[in-house]
A.B. asks: 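Handing you this structure, nothing more for now.
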Amino acid sequence: MARILSSLVLLGALAYACQRDWDALHRRAHLHHGHNKHAKRASIEYPPALTEVESILVNSFDNKSISDWSYYYTHGDHLGSHNKTMAEWTAQKWRDAGFDAHLAEYPIYVTYPKHSSLTLIRPDGTTHEANMNEDVLEEDDTSSYPNRIPAFHAMSGSGNVTAEYIYVGRGTRADFKVLKDAGIELEGKIALANYGGIYRGTKVHNAQDNGMVGCIIFTDPQDDGEITEENGYLAYPDGPARNPSSIQRGSVRFSSLYSGDPTTVGWASAADSPRGDVSDYNPSIPSMPLSMKDALPLLEALQGNGVTAKEANRSGWAGGFSNITYDSGPAPGAVVNMNHFMNGWIAPVWDVIGVINGTSPDEVVVVGNHRDAWVIGGAADPNSGSAIMIELANAFGKLLAKGWKPKRTIILGSWDAEEFGLQGSTEWVESHLPWLTTTAVAYLNMDVGVSGPRVDFSGSGEIQSFVIEQMKKVLFPEGWGEFETVYDMWFNTTEGTISPLGSGSDYAAFYQNGIAAIDIGASNGKTDPIYHYHSNYDSYAWMSKFGDPGFRLHAAMGQVLSLILYHIADDALIPWDMPNAATVLQAYLSELNDTVADSDFPDLDLTPISSAIDEFTEQASRISTIAQQAIGFNDSVILAVVNSKFRDFARGFASAGGLPGRETFKNVVSAPGIDNGYGADVFPAVTDKINAGEKEEAVAWIEKTGKAVRRAAEILKVGS
Ligand SMILES: *[C@@H]1O[C@H](CO)[C@@H](O)[C@H](O)[C@H]1NC(C)=O
Ligand SMILES: *[C@@H]1O[C@H](CO)[C@@H](O)[C@H](O)[C@H]1NC(C)=O
Ligand SMILES: *[C@@H]1O[C@H](CO)[C@@H](O)[C@H](O)[C@H]1NC(C)=O
Ligand SMILES: *[C@@H]1O[C@H](CO)[C@@H](O)[C@H](O)[C@H]1NC(C)=O
Ligand SMILES: *[C@@H]1O[C@H](CO)[C@@H](O)[C@H](O)[C@H]1NC(C)=O
Ligand SMILES: *[C@@H]1O[C@H](CO)[C@@H](O)[C@H](O)[C@H]1NC(C)=O
Ligand SMILES: *[C@@H]1O[C@H](CO)[C@@H](O)[C@H](O)[C@H]1NC(C)=O
Ligand SMILES: *[C@@H]1O[C@H](CO)[C@@H](O)[C@H](O)[C@H]1NC(C)=O
Ligand SMILES: *[C@@H]1O[C@H](CO)[C@@H](O)[C@H](O)[C@H]1NC(C)=O
Ligand SMILES: [Zn+2]
């Protein structure tokens, strides 16, 4: 029972790595965290009134320049550890804008396929071999690059296995349970899962836990909303539907258990670092991705065998091919050979760090985006964000040229090797942790800046209201419906919902160490051109024809990010809404309360958390009043005290030893769901212990969580 409710929360709490899935986005709309269900366009002026500095920043964004930066990033291999030149180019661009910039190198564990083939052998002896590369398209220049990256799962296990295979729906624990309950033998077989719902590595983990010897994950048309060939849309490059040969690459590390380099979990990776074994963190069985086109023959061969989709009665089980029954199999004599061998070794990766020193050096704002991509292109993931970051640096360069100096130090991060498991950002945080703990005010993440027009953000409670105000200041480009400002599009997309942070992009290491954070970007909705996520068609050609023709969504997202960064860096008072932080905690508590009510331990007493939140609410309200007075009187002494408390209070949420069983996740307020991997659980340690059936441990973590919230309240407290 606890699982059912908490999976609602999980669906409601997506913070997708490089993917903002429309389906989940729409399903979560009934959950509202915090008070941000604003009446539409309540307080917006048209056109938005900007200060002089805001105008300089906003007017600095040029779609032609952004297109040029995008073109550069999307025309060379830049998989993690592959391209130091691109790191140096980025550093030089930031220097040209007026930043100090340097490379930070970390040696990390990387994997690459040595040999990879996947063959269906039907009962009649005929075979079908899957293609591990997308089709070459004349209209898409990088699709034919000789050094293009084959489709694989980073951190996969190795093996040459030949076995019957079983369709397992989305590959959740509940999906596997349906099969076991129906008496289907899973051990020794290969799992065939669709990509929907949960993080891919969790599917592999579940297959491995059930004694299966391999895992194949395929793209199903059900992920594509209304924009399918069956609905009459042409496939890319002729139209907005998915090209059937597109393949979703991705890491299958166990992302809810750790972030960063799996050989140095919990400490920074240097040349002489001790290194641990990766087997607890990565799958041992081989895992491979598959295109829609190559999945069809596998699904067809199972028809008429095993559990039917109707019997399974599971969400996302029956997919989008109308002529496929999605029976589980196995089909006697239908086998797959996965001949998949991975190499793993230690290789250097390069973060780029850009700096403008502030006048208050003990206050730092970090804004980051990863640079590495799964494919030659990466036009959306992540280089829409990378192109925006250069234009953002140029915008701040215009202020610097006028003699401006920010109050707080600004750091730009261009992270490497995010796609393997947040390595670049995590190692940088781990190697600067004492300094970040004493100085960091906030971390702002932009991974996929633009893969479509639907604006969305996740983030911690204190920062939400301020981000919403900045979105009201930026005009939304024409051509995507009747939306005057970015705020209008955001509200239309989310109905005011803001998710907690889970894992899945570079904010994880910051947020988990108690640093305020947001993750912001724009993605495709169910009526927009489909996005070829982690596929060779996430290219400049696709972006300039379908994703963002004219690069004006890029400009709008960059304008918003610049305003957010500017105000956090330079306002006399850090613009936190502390009462909202309290409201958000209260909303999370009511989710936890629901989880408890539906669990095996409905009598669990949550008073230690609720009374701590009451205390937090009291201190949040008091410090807000003091902050407003300090602004009114321009009292620099009190402002300095309030700012230091706004900077520090969230450190209280970080539990020193980490959450149970996963030491790099520390934030007691939210963390990736163990069984989901991307989306967040709220009060995760308590939720984990309830789901594990460990009542005493759940009680202990209710105490510890309450203490953490009290620590945060104590830091906020002014006077005695
Ligand atoms: C690095 O990326 C740049 C820009 O995309 C490209 O020109 C260059 O060929 C790449 N280097 C390698 C080694 O692939
Ligand atoms: C992989 O397994 C197949 C089937 O068992 C066998 O024919 C083939 O020789 C094996 N290949 C390698 C490289 O071990
Ligand atoms: C299918 O599952 C839903 C709950 O997920 C349940 O309400 C419904 O009765 C089930 N249908 C059948 C035919 O078992
Ligand atoms: C299902 O439809 C696809 C085209 O969408 C076709 O290639 C395939 O052969 C069909 N399969 C069956 C079992 O009819
Ligand atoms: C910025 O501050 C740091 C630390 O105080 C210092 O090492 C560095 O030289 C400064 N950079 C510039 C450009 O002033
Ligand atoms: C979003 O926009 C669509 C089309 O413009 C409209 O039908 C819908 O009601 C809007 N939804 C919200 C929540 O504003
Ligand atoms: C920039 O936007 C304008 C319209 O505002 C458009 O005409 C132009 O083609 C765009 N430039 C690029 C490089 O896409
Ligand atoms: C928790 O749930 C119970 C019912 O299970 C309800 O009586 C109580 O008011 C809820 N408390 C909070 C803080 O939501
Ligand atoms: C507030 O005081 C500082 C000096 O402490 C001064 O530089 C600043 O201009 C004042 N701001 C306003 C709005 O008066
Ligand atoms: Zn990404």
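Start at 1 and go down the list; that is how both ligands and their atoms are numbered.
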A.B. asks: Tell me every residue that passes salt bridge (charged side-chain N to carboxylate O under 4.0 Å, His left out) with Asp506, counting only those two or more places apart in sequence or in another chain.
C.D. replies: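 Asp506: no salt bridge (charged side-chain N to carboxylate O under 4.0 Å, His left out) contacts found.
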
A.B. asks: Measure across Tyr72 and Met86 and return the closest heavy-atom pair with its distance rounded to 0.1 Å.
C.D. replies: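 Residues Tyr72 and Met86, closest heavy atoms: OH-CA, 3.5 Å.
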
A.B. asks: Distances only, to 0.1 Å: what are the N or O pairs between ligand 9 and the protein that fall under 3.5 Å?
C.D. replies:
from, atom 1, to, atom 2, distance (Å)
ligand 9, 2 (O), Asn634, OD1, 3.3
ligand 9, 2 (O), Asn634, ND2, 2.3
ligand 9, 11 (N), Asn634, ND2, 2.9
ligand 9, 14 (O), Asn634, ND2, 3.2

A.B. asks: Under 6.0 Å from the CZ atom of Arg95, do we count more than 12 heavy atoms belonging to anything else shown?
C.D. replies: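 Buried by this count: over 12 neighbours within 6.0 Å.
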
A.B. asks: Looking at residues at least two apart in the chain, or sitting in another chain, which of them share a salt bridge (charged side-chain N to carboxylate O under 4.0 Å, His left out) with Lys177?
C.D. replies: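 With neighbours one apart ignored, the set is Asp181.
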
A.B. asks: Looking at Asp175 and Arg170, is any side-chain nitrogen of the basic one under 4.0 Å from a carboxylate oxygen of the acidic one?
C.D. replies: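 Salt bridge flag = no for Asp175 with Arg170.
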
A.B. asks: Report all side-chain donor-acceptor pairs from residues 388-406 shorter than 3.5 Å, counting only partners two or more places apart or in another chain.
C.D. replies:
from, atom 1, to, atom 2, distance (Å)
Glu391, OE1, Trp69, NE1, 2.9
Glu391, OE2, Asp62, N, 3.0
Lys398, NZ, Ser60, OG, 2.9
Trp404, NE1, Asp570, OD2, 3.1

